[in-house]
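Okay, so here's the structure we're looking at.
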Amino acid sequence: MTVVGPFFGLSVRDQALEADVQAGLAAVEEGLIEATKSGVPFITEAAQHLVKAGGKRFRPLLVSLAAQFGDPYAPGVVPSAVVVELTHLATLYHDDVMDEADVRRGVPSANVNWGNSVAVLTGDFLFSRASRILADLGPEAVRIQAEAFERLVTGQILETAGPQNGRDPIDHYLDVLAGKTGSLVAVAGRYGAMMSGADERIVEILTHYGERLGIAFQLADDVLDIASDSHESGKTPGTDLREGIPTLPVLHLRARAAATGDPEDLELCRMLEGDLDDDALHAEVLRRLRAHPALEEARRDTVRYAEEARATLAPLPACAAKTALEELCDAVVHRAG
């Protein structure tokens with residue numbers, strides 16, 4: 001039983017599958033390094049900053065596993081995984097500027113190193129390199145990426161704008177995550193199956209699986225933002241809190257406070273509206289949220305989405321890749337504790 005890649009918690013018991021996945025992820029790493037090279041050394045340094053910082057390579061892993069339902073050695077599999085990861089990395093550069101984040105993947109964020117303008121432009125550079133690779137994968141691959149990117153940006157805008165009057169904030173937030181995170185993870189499952197020549201029904205199943213798993217993955221991040229330390233998550237704990245981003249545990253807290261009028265919950269909600277740049281206040285809010293039932297509610301939601309992802313796999317033929325995809329659901333839940 002071997003843990004595959006930097007995404008902890010996923011084990012592969014089949015030696016042939018393990019070899020295929022390891023080889024695929026190694027080829028993706030080479031592709032990422034090549035795709036982030038520029039004739040301008042400074043651009044190369046900035047573009048490779050997060051590539052070299054590591055990461056879970058969650059999306060390329062999904063591409064590789066999905067490709068097992070066709071020909072995993074098909075020429076489009078690795079380039080499509082590189083495209084998905086480049087797109088994801090580009091969004092991280094932009095997210096860190098918007099969130100004014102200091103740490104990403106255990107290293108100073110690009111905006112801290114080089115300023116907001118360079119960080120944004122580096123993200124744009126990665127998008128352009130992803131597009132260049134996509135051009136060789138055919139018009140269908142370009143269309144899929146364009147639709148997913150539209151959903152991703154729409155999700156980000158909806159998060160920024162907030163729910164419309166009368167809309168349940170939790171439902172709004174889950175829709176945001178489907179766009180911001182689920183759409184690109186869905187593309188990972190779709191590309192892997194499609195590029196390998198898998199049956200169209202299998203492509204549809206793995207696309208749907210990816211979206212549900214992507215939402216679960218982000219919900220696990222929401223839990224980690226509150227429950228973990230920086231060593232576990234690779235970024236500063238409570239970053240979303242400090243930036244006033246209402247993640248799922250906070251939304252559950254607010255819903256409870258509104259429904260019950262509990263004085264302690266109302267007080268914690270008021271604290272969340274305070275100046276969380278104050279380290280003492282920030283630490284106290286984190287401490288109280290870590291002990292609050294809202295955090296456990298967010299964990300249960302994470303499990304629910306992961307189980308929905310697992311359920312979509314039922315029609316797939318029994319094989320080592322299917323088992324690994326099921327265990328990927330367990331790995332996501334494990335991240336959330």
Side-chain angles (χ1 to χ4, degrees), residues 87-88 90-101 116 120 123 127 143-187 207-208 210-226 238-262 265-277 285 289 292-306 308-309 336:
T87 304
H88 170 59
T91 66
L92 297 184
Y93 281 82
H94 289 181
D95 282 352
D96 286 346
V97 171
M98 294 178 66
D99 299 342
E100 299 179 359
N116 287 346
V120 169
F127 284 132
R143 183 186 64 80
I144 290 168
Q145 172 79 348
E147 290 175 353
F149 192 57
E150 178 184 348
R151 289 188 62 205
L152 192 157
V153 173
T154 298
Q156 183 67 68
I157 293 171
L158 289 175
E159 180 182 62
T160 303
Q164 295 182 348
N165 289 338
R167 182 81 197 280
D168 178 11
I170 292 177
D171 288 344
H172 170 83
Y173 182 65
L174 293 173
D175 282 348
V176 165
L177 295 193
K180 272 189 63 177
T181 304
S183 62
L184 192 57
V185 181
V187 167
T207 301
H208 185 62
E211 178 141 342
R212 308 312 282 180
L213 189 69
I215 296 172
F217 187 82
Q218 183 56 57
L219 293 179
D221 267 1
D222 285 1
V223 172
L224 281 171
D225 185 62
I226 292 169
T239 295
D240 292 334
L241 290 179
R242 202 183 289 275
E243 297 305 319
I245 298 171
T247 57
L248 193 61
V250 171
L251 293 175
H252 276 309
L253 166 68
R254 290 175 178 171
R256 277 174 165 262
T260 67
D262 182 86
D265 288 353
L266 291 170
E267 180 188 18
L268 183 51
C269 287
R270 286 192 293 271
M271 293 171 70
L272 283 165
E273 300 300 324
D275 180 12
L276 292 180
D277 285 331
V285 167
L289 275 173
H292 197 279
L295 186 61
E296 187 55 37
E297 286 186 77
R299 285 194 175 100
R300 286 198 296 270
D301 288 331
T302 303
V303 172
R304 175 167 60 88
Y305 274 93
E308 287 178 6

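Predicted, not measured: the structure shown is a model, and the values here were computed from it. Excluded from the calculations below are hydrogen atoms, water molecules and symmetry mates; all remaining heavy atoms, backbone and side chain alike, are included.
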Residues which pass side chain to side chain donor-acceptor pair (under 3.5 Å) with R143, listed by chain and number, not counting sequence neighbours:
E140, E147

Would you name the heavy atoms of D265 and H292 that are closest together and state the gap between them?
OD1-NE2, 2.7 Å

To the nearest 0.5 Å, how far apart are CZ in R300 and CG in L219?
13.0 Å

Between L276 and R242, which heavy-atom pair has the shortest distance, and what is it?
O-NH1, 2.7 Å

dist D240:CG -> I226:CD1 (nearest 0.5 Å) comes out at 8.5 Å

NZ/NE/NH1/NH2 to OD/OE distance under 4.0 Å, R299 and E296:
yes

Derivation of the side-chain contact (heavy atoms from CB on, under 4.5 Å) call for R256 and D262:
CA-CA 8 Å; R256 277 174 165 262; D262 182 86; over 6 Å; no

Residue pair Y173 / L251: nearest heavy atoms and the distance that separates them
CB-CD1, 3.4 Å

Once you round to the nearest 0.5 Å, how far does CD of E211 lie from OH of Y305?
9.5 Å

Grab the two heavy atoms, one from G155 and one from V176, that are nearest each other, plus how far apart they are.
O-CG1, 3.4 Å

Value for NE2 (H208) from CG (L213), rounded to nearest 0.5 Å, stands at 11.5 Å

How many angstroms lie between atom CG of L289 and atom CG of L272, to the nearest 0.5 angstrom?
5.5 Å

Working note: I215 + E308, criterion side-chain contact (heavy atoms from CB on, under 4.5 Å); need CA distance, chi angles, decisive distance, verdict.
CA-CA 10 Å; I215 296 172; E308 287 178 6; over 6 Å; no

Which value, rounded to the nearest 0.5 Å, describes the distance between T91 atom OG1 and F149 atom CZ?
8.5 Å

Going by side chain to side chain donor-acceptor pair (under 3.5 Å), name the residues that satisfy it together with T302, two or more places apart in sequence or in a different chain.
none

Any side-chain heavy atom of E159 sitting closer than 4.5 Å to one from K180?
yes

Using modelled atom types and a 3.5 Å cut-off, is there a donor and acceptor pairing between side-chain atoms of R254 and backbone atoms of C269?
no

side-chain contact (heavy atoms from CB on, under 4.5 Å) for Y93 and V120? Distances and angles first, verdict last.
CA-CA 6 Å; Y93 281 82; V120 169; over 6 Å; no

Closest heavy-atom pair and its distance - A298, H252
N-CD2, 3.9 Å

Looking at every heavy atom in both D222 and P249, which two are closest together, and how far apart are they?
CB-CD, 4.0 Å

Going through the checks in order, is the side-chain contact (heavy atoms from CB on, under 4.5 Å) test met by E297 and I170?
CA-CA 12 Å; E297 286 186 77; I170 292 177; over 6 Å; no

